[in-house]
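Values in this document were obtained by computation on a predicted structure and should not be read as measured data. Reckoned from all heavy atoms, side chains included, excluding hydrogens, waters and symmetry mates.
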Amino acid sequence: TRSLLGEFRAALAPWMVDLYGRRPALADGGAYWSVSPLARDREVTAGGIPVGFEDDSQYFGRLARRALRRLLLTPPELASVPDVAASRYVTLRFLLEAPRLAFVSVWNPTFLTLLVGALDRWAERLVDDVARGTLTPPIALPAAVARRLERRLRPQPARAAALSALLARDGRLSPVEAWPRLRLISCWTSGAAARFLPELERAFPGVEIQGKGLLATEGVVSVPLLGHRGGVVAVTSHFYEFADVEAPARRPRLAHELEHGRQYSVILTTGGGLYRYALGDVVSVVGRVGATPLIEFVRRNGVVSDLCGEKLAEAHVTRALDTATARLGVRCAFLMVAPEMAAPPYYAVFAEAPGVSEAALTRLAAEVERALSESPSYAYCRRLGQLGAMRAVRVHDGGAATYVERCARLGQRAGDVKPGVLHTVPGWSAHLNGVQGVLF
């Protein structure tokens, strides 16, 4: 609704003022704001109202959007590219012709690492397209979309020569070499997303990473401020209440009543028509700016897998994985627990861990099993034989990419897929190891 959009803008405008005011170099360069490949036609209600935005810049007001449009390096037509691989190629094609990229805004950090990871596959092809002013994605685009995109392209022989020199020198296009003016990346950094930050930092050494505030389709809860942990509660937007996770019988707290170090579940009343709506996100209070609390996303509330009464919660699985990997000294590029259907069903630890032996992965599964058995419900199901023992499944290169792709097939937009350590849908063994099985 118009009122809800106004409430979003009341929160996002201060973020932009803080960001560009304290990092003025960002305004002198270009920007990339993520666009999720739709992989299907844009949804429209029966009354003709489009569902969602084509890109994140539409959250902003007319003047701010006009300013952002001058900075954006990818065209809005990118939202019409129906294939994930083609969308990545087209995105890189437009970004590579612009060495002035200074700011990147995405949601999931893996969205960005998967994007720049494609540089290694298509570098020569991309450079050739930049030189000739052409567009040759690995999968053909719809003719109308291709025509609109190609009208925006011109030969750039000088830029292509610079990229070719980098490619010849290093054997690949390093992101920080291709975009030497890149200064800041905005993405999720808390909750399960924190596991993917080391990979992002390796891909973009020396580039500042700012965590996103807590923003959902239903409303905006917090916005980030440079120099502060977490995000400041967006008190000029909605009416906020916070239910104490450890004392659910207590009256929900208002923003000024929040206590440092405690965890709360967010309740929103918004101009979009939601009244005392339980958002389902748990936050922790990490500080204050003036009188306004700083909060940090911890986890989703109520992500529970329950095949036969075991009631595995995401928070418990997170602790189990953190404890097990720390104890064994195992580092994983991708790590997740999910159920597998068998007789009896069981849970598997899916781990992408190059260089880690099979014996170590087996020990990892045993450690996770031991930690999960601290839950009486899980232990009881195991004792009854309703659940089989935890197993380890090695995930080969690209586990995060396969995870995103399957979540997209299950109905989520690729750019909106949140990294998680617990998934409730079975069938991941087939998909994470390249076997095309049945979607449960």
TODO: Decide, yes or no, whether a salt bridge links Glu340 with Arg391 under the criterion of side-chain N to carboxylate O below 4.0 Å.
DONE: no
Task: Spatial distance of atom CG (Leu254) from atom CD (Glu241) [nearest 0.5 Å] - done: 6.5 Å
Open item on the list: Could you work out, with ring pair (Phe, Tyr, Trp, His ring centres under 6.0 Å) as the rule, every residue matching Tyr347, not counting sequence neighbours?
Closed with: none
Open item on the list: Using the rule given for side chain to side chain donor-acceptor pair (under 3.5 Å), can you reason through Lys212 versus Thr189, listing the C-alpha separation, both sets of side-chain angles and the distance that settles it, and then say yes or no?
Closed with: CA-CA 7 Å; Lys212 292 281 190 191; Thr189 59; over 6 Å; no
Task: Qualifying residues under ring pair (Phe, Tyr, Trp, His ring centres under 6.0 Å), relative to Tyr89, sequence neighbours excluded - done: Trp122
TODO: For the pair Glu208 and Arg22, find out whether any cationic side-chain nitrogen is under 4.0 Å from an anionic carboxylate oxygen.
DONE: no
Task: Partner set under ring pair (Phe, Tyr, Trp, His ring centres under 6.0 Å) for Tyr240, not counting sequence neighbours - done: His238
Task: Heavy atoms of other groups near Arg251 CZ, more than 12 under 6.0 Å - done: yes
Task: Arg88 CZ to Asp83 CG distance, which is reported to the nearest 0.5 Å - done: 9.5 Å
Task: Row check, Tyr264 ring normal vs Arg253 NZ/CZ: under 6.0 Å, within 45° - done: no
- [ ] Assess whether atom OH of Tyr380 is packed by more than 12 heavy atoms of other residues, nucleotides or ligands within 6.0 Å.
- [x] no
TODO: Supply the atom-to-atom distance Leu279 CG to Phe242 CZ, rounded to the nearest 0.5 angstrom.
DONE: 10.0 Å
Task: Separation between CD of Glu310 and CG of Leu387, rounded to the nearest 0.5 Å - done: 5.0 Å
TODO: Describe, in one word, how the ring planes of Trp33 and Phe103 are oriented to each other, choosing from parallel (under 30°), tilted (30 to 60°) and perpendicular (over 60°).
DONE: perpendicular
Open item on the list: More than 12 heavy atoms of other residues, nucleotides or ligands under 6.0 Å from CZ of Arg331: yes or no?
Closed with: no
- [ ] Taking the side chain as every heavy atom from C-beta outward, state whether Leu182 and Val176 have any atom pair closer than 4.5 Å.
- [x] no
Task: Closest non-hydrogen atom pair between Val81 and Ser87, with its separation - done: CG1-N, 3.6 Å
Open item on the list: Main chain of Val286, side chain of His260: is a donor-acceptor contact present, judged purely on distance under 3.5 Å?
Closed with: yes
TODO: With sequence neighbours excluded, tell me which residues meet side chain to side chain contact (heavy atoms under 4.5 Å, CB included) with Ala315.
DONE: Arg299, Arg319
Task: Phe94: partners by ring pair (Phe, Tyr, Trp, His ring centres under 6.0 Å), with sequence neighbours left out - done: none
Task: Atom pair CG/CZ of Leu197 and Arg202 - distance to nearest 0.5 Å - done: 10.5 Å
Open item on the list: Counting C-beta onward and ignoring hydrogens, is there a side-chain heavy-atom pair between Val221 and Asp281 closer than 4.5 Å?
Closed with: no
Which donor-acceptor pairs under 3.5 Å do side chains of residues 11-19 form with protein atoms, sequence neighbours excluded?
from  : atom 1 : to     : atom 2 : distance (Å)
Trp15 : NE1    : Gln210 : OE1    : 3.1
Asp18 : OD2    : Leu226 : N      : 2.9

Task: From CG (Leu78) to CG (Leu73), nearest 0.5 Å - done: 12.0 Å
